Amino acid sequence: MVFFILVVLRFFLLLEKNFCLLIFNLYPLFKLINDCYWIIVKIFLFWRMHVFLFINKICSMQNKKEILYHKMQFDSPYRSTIAFWDWILSMPCMKGSDTILDIGTGMGSNVFYFQRVSPEKKFIGIDQNVKLIEVAKKHLLDNFVTNISFDVGDLYNLSKEKYVGIDGIVSLQLLSWLENYEQPLQSMFDLSPRWIAASSLFYEGCLESYTTVRDYYRPDIFGNNFSLYHYNIYSLDKVKKLFFDHGYPNFYFVPFHIDIDLERNTKDLGTYTITTKHNERLQFTGPLYLPWYFIFASK
Ligand SMILES: C[S@@+](CC[C@H](N)C(=O)[O-])C[C@H]1O[C@@H](n2cnc3c(N)ncnc32)[C@H](O)[C@@H]1O
């Protein structure tokens, strides 16, 4: 408001400068207003530049970390990716499943692995992150891979026409990192695939845990000194019922037990294992236990 009044006054005084000088001798006032105007403009520009530089720095830090996380998987796919695809291929309706959509594909490293194992199938990877999809497309061109395509897309806003005729949907490490599973699964049901499979965190019973993690190692782009992530554990009974109610009566699940030890190198988020005295290898990230499962539901 003050700024606006100063601008109006300055404009008026500019027009009337000579008149004012002659008649009212208001030059000191004119100078004061003029100086205030430029001080405010400079402060404003300085502030905007700093906010811009700050956001830019945070974004590029976030992107670099995220890109590194996905790139590592091009060379050595996660044990969970390998185990997931082995298990999916053992499902009865996999023969004749020609086109598979991977939602939340990241840079598509999972899809590149699936395609290497099952070159006869066609894969489409979608992710809402434009940067990750750009890298996925570049990797596609650099390696002359066929039978894979990538699209930028939001799970909650998928075009039915575009994905008509897909046989199955996979999503790895996605559901538990969203606010809930009902809406994402509804978006998948809307595309009417013959089957849907996912890897996420589940519990064998009628209990669910909705957890948010504040990661103070990563400030977010909104000026908070932490990033916020979901790490939800969903009830397998409830998920099974949801599938049943939407015409997917065949429901299978299997826990994923990792077959190697993972060191805890950092207090940051990153999976590490602890072996119990009963020789069970449990997976953790930061302060959280990760009950990994694969699920598969078909019509
Ligand atoms: C934890 S990463 C998993 C990436 C990959 N599936 C993997 O297993 O390595 C989750 C991915 O889901 C994407 N994602 C999150 N919400 C999404 C949405 N609404 N629509 C599309 N992609 C989404 C993120 O951009 C991110 O790349």
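Keep in mind that this is a model prediction, so the values were computed, not measured. For the single chain, residues carry numbers from 1 onward in sequence order. Order of appearance sets the numbers: ligands from 1, and atoms from 1 within every ligand.
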Inset, instruction - State if Ile126 counts as touching ligand 1 under the rule of any non-hydrogen atom under 4.0 Å. - result: no
Legend entry - Min heavy-atom dist Ser80 to ligand 1 below 4.0 Å: no
Side-chain H-bond candidate by donor/acceptor type, [X] with [Y], under 3.5 Å:
{"X": "Tyr113", "Y": "Gln115", "value": "no"}
{"X": "Ser118", "Y": "Trp85", "value": "yes"}
{"X": "Asn250", "Y": "Ser298", "value": "yes"}
{"X": "Asp190", "Y": "Tyr163", "value": "no"}
{"X": "Tyr248", "Y": "Arg194", "value": "no"}
{"X": "Gln283", "Y": "His257", "value": "no"}

Legend entry - Check: Ser176 side chain, Ser200 main-chain N or O, donor-acceptor pair, under 3.5 Å: no
At a 4.0 Å threshold, what atoms of ligand 1 neighbour a non-hydrogen atom of [X]?
{"X": "Leu178", "answer": "16 (N)"}
{"X": "Leu155", "answer": "18 (C), 19 (N), 20 (N), 21 (C)"}
{"X": "Gly106", "answer": "27 (O)"}
{"X": "Leu174", "answer": "12 (O), 14 (N), 15 (C)"}
{"X": "Asn110", "answer": "5 (C), 6 (N), 7 (C), 8 (O), 9 (O)"}
{"X": "Gly153", "answer": "20 (N), 21 (C)"}
{"X": "Leu132", "answer": "27 (O)"}
{"X": "Tyr156", "answer": "19 (N)"}

Legend entry - Geometric N/O contact Asn129 with ligand 1, under 3.5 angstrom: no
Inset, instruction - Say whether Thr105, considering both its backbone and side-chain N or O atoms, lies within less than 3.5 Å of an N or O atom on ligand 1. - result: no
Inset, instruction - Taking the side chain as every heavy atom from C-beta outward, state whether Lys121 and Leu89 have any atom pair closer than 4.5 Å. - result: yes
Legend entry - Per atom 25 (O) of ligand 1, closest listed option by heavy atom (Ile103, Asp102, Asp127, Leu175): Asp127
Legend entry - Note: Lys241-Asp237 ion pair, threshold 4.0 Å (strictly below): no
